[in-house]
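Worksheet: one structure, shown below.
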Number of protein chains: 2
Amino acid sequence: MPRNRRPVPKEQRRDELVAAAAELFVLDGYEATSMSRLAKQAEVTPNTLYWYFRDKDELLVAVAERYLRALLHEHASLADRPLAEQFLWLVERLRPVRHLVSTVHSRVAVSDAVRSWHDSFHRTFEEIFERRLTSPFAAEHRAGEVAAATFALEGAITHDLDDTTTRRLCEITADRLHHAAALNPATSANP
Amino acid sequence: MPRNRRPVPKEQRRDELVAAAAELFVLDGYEATSMSRLAKQAEVTPNTLYWYFRDKDELLVAVAERYLRALLHEHASLADRPLAEQFLWLVERLRPVRHLVSTVHSRVAVSDAVRSWHDSFHRTFEEIFERRLTSPFAAEHRAGEVAAATFALEGAITHDLDDTTTRRLCEITADRLHHAAALNPATSANP
DNA sequence: ACCTGAACACCGTTCAAGT
DNA sequence: ACCTGAACACCGTTCAAGT
């Protein structure tokens with residue numbers, strides 16, 4: 001068997017490794033997936049993983065990024081549906097990878113790579129949310145509303161809620177983003 | 001030196017170990033604190049930790065519970081202050097132990113002990129929040145509002161927000177809990 | 001009952017060496 | 001450039017043995 005200089009392009013090779021990692025991270029969890037088990041799954045030696053990735057956290061980032069890309073791609077087709085419906089879709093779409101979400105959060109403090117990916121992830125969603133804030137109002141108020149929406153969804157993904165509560169939470173969150181200006185005391189006091 | 005059968009009562013001994021763990025978990029993080037470093041800090045051998053705790057996760061639970069007790073005790077004196085102010089206090093109080101919060105969430109899927117503590121933690125705060133829901137309305141609507149409030153605070157604790165955004169988020173969250181019934185379409189449609 | 005010494009199986013990571 | 005064999009320092013945990 002060929003042991004090195006494989007004829008497969010390096011981007012594709014890297015992708016295979018990320019795919020293997022994605023499967024195991026989601027199935028068994030990040031901590032429970034050792035680099036050697038992962039290597040075995042991808043049919044390489046553990047060291048090979050370190051040729052393509054600096055460390056295990058960089059592998060986590062690659063897996064998370066892979067899911068984010070797929071998510072944004074699928075989301076594009078729902079862009080004109082009601083916001084509450086989009087939120088519900090998002091939450092149900094991310095529930096299966098909830099452990100990945102929790103792991104990313106817990107490794108933000110440990111790994112610079114994870115932290116910077118996490119931050120850019122939040123910026124991506126903040127931009128999407130900000131576009132939905134129909135009425136114009138002051139920047140710090142926008143930031144508060146956007147943060148509340150983001151955290152509501154993150155919580156819904158990572159916690160066990162029954163279906164009706166999940167749906168309610170998505171409706172509440174969407175409502176808030178639409179009517180934020182009207183509900184804002186400072187703004188509604190000066191019409 | 002006495003090597004066993006220490007004259008110190010076992011509850012106090014356990015407490016010393018939890019105190020040592022609390023310090024290191026918060027200072028260096030849970031993963032970065034090995035059982036041997038922890039043992040050294042508490043001036044025992046690693047094995048001794050396993051006499052008092054089933055595993056590292058049970059130690060994590062003990063540390064978290066310790067913080068929760070202190071938090072609830074301090075919170076009692078603010079019970080009649082405005083809700084937004086209570087929230088801001090809570091967020092700022094828990095920010096220093098944010099890594100503990102993230103770690104608990106990421107180990108919910110791994111450890112039964114952590115999961116059941118986490119669930120009871122949420123029940124505790126849900127009860128506090130539910131008492132603040134002034135207007136009466138259907139149970140599934142309450143659950144949605146309470147979840148939104150809980151997740152907003154959890155997010156504020158575990159993410160970097162500037163001071164004004166944090167304050168705004170707390171105000172929004174408090175407002176929501178007060179006016180939830182009026183904003184609920186189903187309820188406001190039938191006055 | 002309480003604590004230790006010594007070991008176990010494993011972990012993430014590195015490095016010199018191969019092609 | 002790509003990959004491996006072998007090792008490194010360490011991890012959480014266990015267990016027989018001590019007092």
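In this structure, B:His105 contributes its side chain and B:Val101 its backbone to a donor-acceptor pair below 3.5 Å. Checked by atom type and distance alone, the side chain of B:Ser111 never pairs as donor or acceptor with a backbone atom of B:Arg107 at under 3.5 Å.
You'll find the side chain of A:Glu58 stays beyond 4.5 Å of the side chain of A:Tyr52, heavy atoms only. Residues A:Leu161 and A:Val91 fail the side-chain proximity criterion, which asks for heavy atoms closer than 4.5 Å.
Here D:dT4 presents its P atom at 9 Å from OH of A:Tyr52, a figure rounded to the nearest Å. Per the geometry, CG belonging to B:Leu49 stands 10 Å off P belonging to C:dT4, to the nearest Å. Look at CG on B:Leu59: it is 15 Å from C1' on D:dC11, rounded to the nearest Å. Per the geometry, NZ belonging to A:Lys40 stands 14 Å off P belonging to D:dT4, to the nearest Å.
For D:dC3, the OP1/OP2 oxygens have a side-chain nitrogen or oxygen of A:Arg13 closer than 4.0 Å. Phosphate proximity of C:dC3 to B:Thr48: absent, as no side-chain N or O sits under 4.0 Å from OP1 or OP2. Under 4.0 angstrom from either OP1 or OP2 of C:dC2 there lies at least one side-chain N or O belonging to B:Trp51.
Ion pairing of A:Arg168 with A:Glu171 is present here, as a side-chain N (NZ or NE/NH1/NH2) and a carboxylate O approach within less than 4.0 Å. Residues B:Arg98 and B:Asp160 are paired through a salt bridge, judged by an N-O separation under 4.0 Å between the basic side chain and the carboxylate.
A donor and an acceptor atom, one from each side chain of B:Thr165 and B:Asp162, are located under 3.5 Å apart.
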DNA chain D base-pair string [pairs: Watson-Crick or G-U under 3.5 Å; |: paired with another strand]: ||.|||||...|||||.||
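Ring pair A:His159/B:Phe151: centre-to-centre distance below 6.0 Å.
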Report all interatomic pairs (protein N or O, nucleotide N or O of nucleotides 12-14 of chain D) with separations under 3.5 Å.
residue	atom	partner	partner atom	Å
D:dG12	OP1	B:Lys56	NZ	2.7
D:dG12	OP2	B:Met35	N	2.7
D:dT13	OP2	B:Tyr50	OH	2.8
D:dT13	OP2	B:Lys56	N	3.0
D:dT13	O5'	B:Tyr50	OH	3.3
D:dT14	O4	B:Asn47	OD1	3.1

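By the 30° and 60° cut-offs, the orientation of the rings of B:Phe121 relative to B:Phe125 is tilted.
If you check every strand for non-hydrogen atoms under 4.0 Å, B:Phe53 touches nothing.
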